[in-house]
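The structure under discussion appears below in the form of C-alpha coordinates.
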Amino acid sequence: MNKTVKEFVDFVRVQGVVGLAVGLAIGVAASGAVSSIVNNLISPIVGFILGNESLSGLSWTVVSLKSGRELTIGWGAILDSIITLVATALVIYLMVKKLGLDKLDKPKQ
(Lines give C-alpha, C1' and ligand atoms only; values in the text may rest on other atoms or scores of the structure.)
Protein backbone atom coordinates (compact mmCIF):
# COMPACT_ATOMS: atom_id res chain seq x y z
CA MET A 1 0.00 0.00 0.00
CA ASN A 2 2.82 2.40 0.88
CA LYS A 3 4.49 1.82 -2.51
CA THR A 4 1.22 2.56 -4.32
CA VAL A 5 0.77 5.84 -2.45
CA LYS A 6 4.35 6.87 -3.26
CA GLU A 7 3.85 6.00 -6.95
CA PHE A 8 0.60 7.96 -7.00
CA VAL A 9 2.25 11.03 -5.44
CA ASP A 10 5.12 10.78 -7.94
CA PHE A 11 2.62 10.48 -10.80
CA VAL A 12 0.75 13.58 -9.64
CA ARG A 13 3.97 15.58 -9.32
CA VAL A 14 5.57 14.42 -12.57
CA GLN A 15 2.45 14.81 -14.71
CA GLY A 16 1.74 18.33 -13.47
CA VAL A 17 -1.62 17.49 -11.96
CA VAL A 18 -0.97 19.75 -8.97
CA GLY A 19 -0.26 22.72 -11.20
CA LEU A 20 -3.34 22.01 -13.27
CA ALA A 21 -5.54 21.73 -10.18
CA VAL A 22 -4.14 24.89 -8.63
CA GLY A 23 -4.52 26.76 -11.91
CA LEU A 24 -8.10 25.61 -12.27
CA ALA A 25 -8.98 26.60 -8.71
CA ILE A 26 -7.36 30.01 -9.05
CA GLY A 27 -8.96 30.49 -12.45
CA VAL A 28 -12.44 29.78 -11.14
CA ALA A 29 -11.92 32.06 -8.14
CA ALA A 30 -10.44 34.89 -10.19
CA SER A 31 -12.93 34.63 -13.04
CA GLY A 32 -15.80 36.25 -11.16
CA ALA A 33 -13.70 39.15 -9.94
CA VAL A 34 -12.12 39.79 -13.33
CA SER A 35 -15.48 39.55 -15.11
CA SER A 36 -16.93 42.10 -12.70
CA ILE A 37 -14.02 44.49 -13.25
CA VAL A 38 -14.27 44.15 -17.02
CA ASN A 39 -18.07 44.44 -17.12
CA ASN A 40 -18.36 47.30 -14.64
CA LEU A 41 -15.19 49.30 -15.28
CA ILE A 42 -13.34 48.54 -18.51
CA SER A 43 -16.31 47.89 -20.82
CA PRO A 44 -18.18 51.08 -19.83
CA ILE A 45 -15.02 53.14 -20.40
CA VAL A 46 -14.39 51.58 -23.83
CA GLY A 47 -18.11 51.90 -24.64
CA PHE A 48 -18.03 55.57 -23.65
CA ILE A 49 -15.02 56.19 -25.88
CA LEU A 50 -16.74 54.40 -28.76
CA GLY A 51 -20.00 56.29 -28.15
CA ASN A 52 -22.20 53.62 -26.61
CA GLU A 53 -23.27 52.73 -23.05
CA SER A 54 -21.86 49.22 -23.18
CA LEU A 55 -19.78 47.12 -25.52
CA SER A 56 -22.49 44.49 -25.89
CA GLY A 57 -24.69 47.04 -27.67
CA LEU A 58 -22.13 47.70 -30.41
CA SER A 59 -22.93 45.86 -33.61
CA TRP A 60 -22.89 46.03 -37.37
CA THR A 61 -26.04 45.40 -39.36
CA VAL A 62 -25.83 44.33 -42.97
CA VAL A 63 -28.96 44.51 -45.11
CA SER A 64 -29.28 42.56 -48.33
CA LEU A 65 -30.40 44.84 -51.15
CA LYS A 66 -31.91 41.93 -53.02
CA SER A 67 -33.97 40.21 -50.30
CA GLY A 68 -34.08 42.86 -47.58
CA ARG A 69 -32.86 40.38 -44.97
CA GLU A 70 -30.68 41.66 -42.15
CA LEU A 71 -27.57 40.23 -40.56
CA THR A 72 -26.41 41.67 -37.25
CA ILE A 73 -22.87 41.06 -36.06
CA GLY A 74 -22.39 41.85 -32.37
CA TRP A 75 -18.73 42.83 -32.46
CA GLY A 76 -19.00 44.64 -29.13
CA ALA A 77 -19.89 41.41 -27.31
CA ILE A 78 -16.98 39.67 -29.02
CA LEU A 79 -14.61 42.48 -27.98
CA ASP A 80 -15.97 42.29 -24.42
CA SER A 81 -15.29 38.52 -24.30
CA ILE A 82 -11.76 38.99 -25.63
CA ILE A 83 -11.02 41.68 -23.02
CA THR A 84 -12.36 39.38 -20.27
CA LEU A 85 -10.27 36.44 -21.52
CA VAL A 86 -7.04 38.46 -21.70
CA ALA A 87 -7.63 40.10 -18.31
CA THR A 88 -8.42 36.75 -16.66
CA ALA A 89 -5.33 35.11 -18.15
CA LEU A 90 -3.16 38.01 -16.98
CA VAL A 91 -4.54 37.92 -13.43
CA ILE A 92 -4.08 34.15 -13.18
CA TYR A 93 -0.54 34.39 -14.56
CA LEU A 94 0.40 37.11 -12.08
CA MET A 95 -1.13 35.21 -9.15
CA VAL A 96 0.66 31.97 -10.04
CA LYS A 97 3.99 33.78 -10.42
CA LYS A 98 3.57 35.88 -7.25
CA LEU A 99 2.59 32.90 -5.09
CA GLY A 100 5.31 30.71 -6.59
CA LEU A 101 2.81 28.06 -7.63
CA ASP A 102 4.71 27.44 -10.85
CA LYS A 103 7.42 25.73 -8.77
CA LEU A 104 5.11 23.03 -7.30
CA ASP A 105 5.57 20.48 -10.05
CA LYS A 106 8.59 18.24 -10.21
CA PRO A 107 10.53 18.91 -13.45
CA LYS A 108 10.29 16.18 -16.08
CA GLN A 109 13.53 14.48 -17.03
Side-chain angles (χ1 to χ4, degrees):
M1 180 77 161
N2 194 16
K3 181 182 176 195
T4 304
V5 171
K6 183 183 178 326
E7 288 175 352
F8 176 72
V9 170
D10 287 342
F11 168 78
V12 168
R13 290 182 66 211
V14 169
Q15 297 302 321
V17 176
V18 172
L20 179 62
V22 169
L24 181 63
I26 290 173
V28 169
S31 178
V34 172
S35 293
S36 179
I37 291 169
V38 169
N39 292 334
N40 297 308
L41 179 66
I42 297 172
S43 292
I45 292 170
V46 174
F48 178 79
I49 292 169
L50 296 176
N52 202 352
E53 288 182 19
S54 70
L55 287 179
S56 60
L58 298 173
S59 63
W60 290 316
T61 302
V62 179
V63 179
S64 170
L65 296 175
K66 187 174 183 180
S67 65
R69 293 186 302 180
E70 292 185 1
L71 168 69
T72 302
I73 300 170
W75 66 272
I78 294 169
L79 180 61
D80 192 46
S81 295
I82 291 170
I83 290 171
T84 302
L85 173 66
V86 170
T88 302
L90 178 64
V91 167
I92 291 170
Y93 171 77
L94 293 174
M95 288 175 70
V96 167
K97 282 296 199 184
K98 183 73 174 169
L99 297 174
L101 300 175
D102 54 336
K103 309 272 191 274
L104 286 178
D105 290 331
K106 184 178 183 181
K108 294 182 183 180
Q109 297 155 345

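These values consider heavy atoms only, across backbone and side chains, with no hydrogens, waters or symmetry-generated copies.
Hydrophobic clustering (side-chain heavy atoms under 4.5 Å, transitive across Ile, Leu, Val, Met, Phe, Trp, Tyr) keeps L94 apart from I37.
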Contacts under 3.5 angstrom, residues 77-90 side chains, donor-acceptor by atom type, not counting sequence neighbours:
from, atom 1, to, atom 2, distance (Å)
D80, OD1, S43, OG, 2.3
S81, OG, A77, O, 3.1
T84, OG1, D80, O, 2.9
T88, OG1, T84, O, 2.7

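When each of N40, I45, V38 is tested with I42 by the rule side chain to side chain contact (heavy atoms under 4.5 Å, CB included), just one qualifies, namely V38.
Grouping Ile, Leu, Val, Met, Phe, Trp and Tyr by side-chain contacts under 4.5 Å, direct or through others, leaves L65 on its own.
Here the closest non-hydrogen pair linking G74 and S59 is CA-CB, 3.9 Å.
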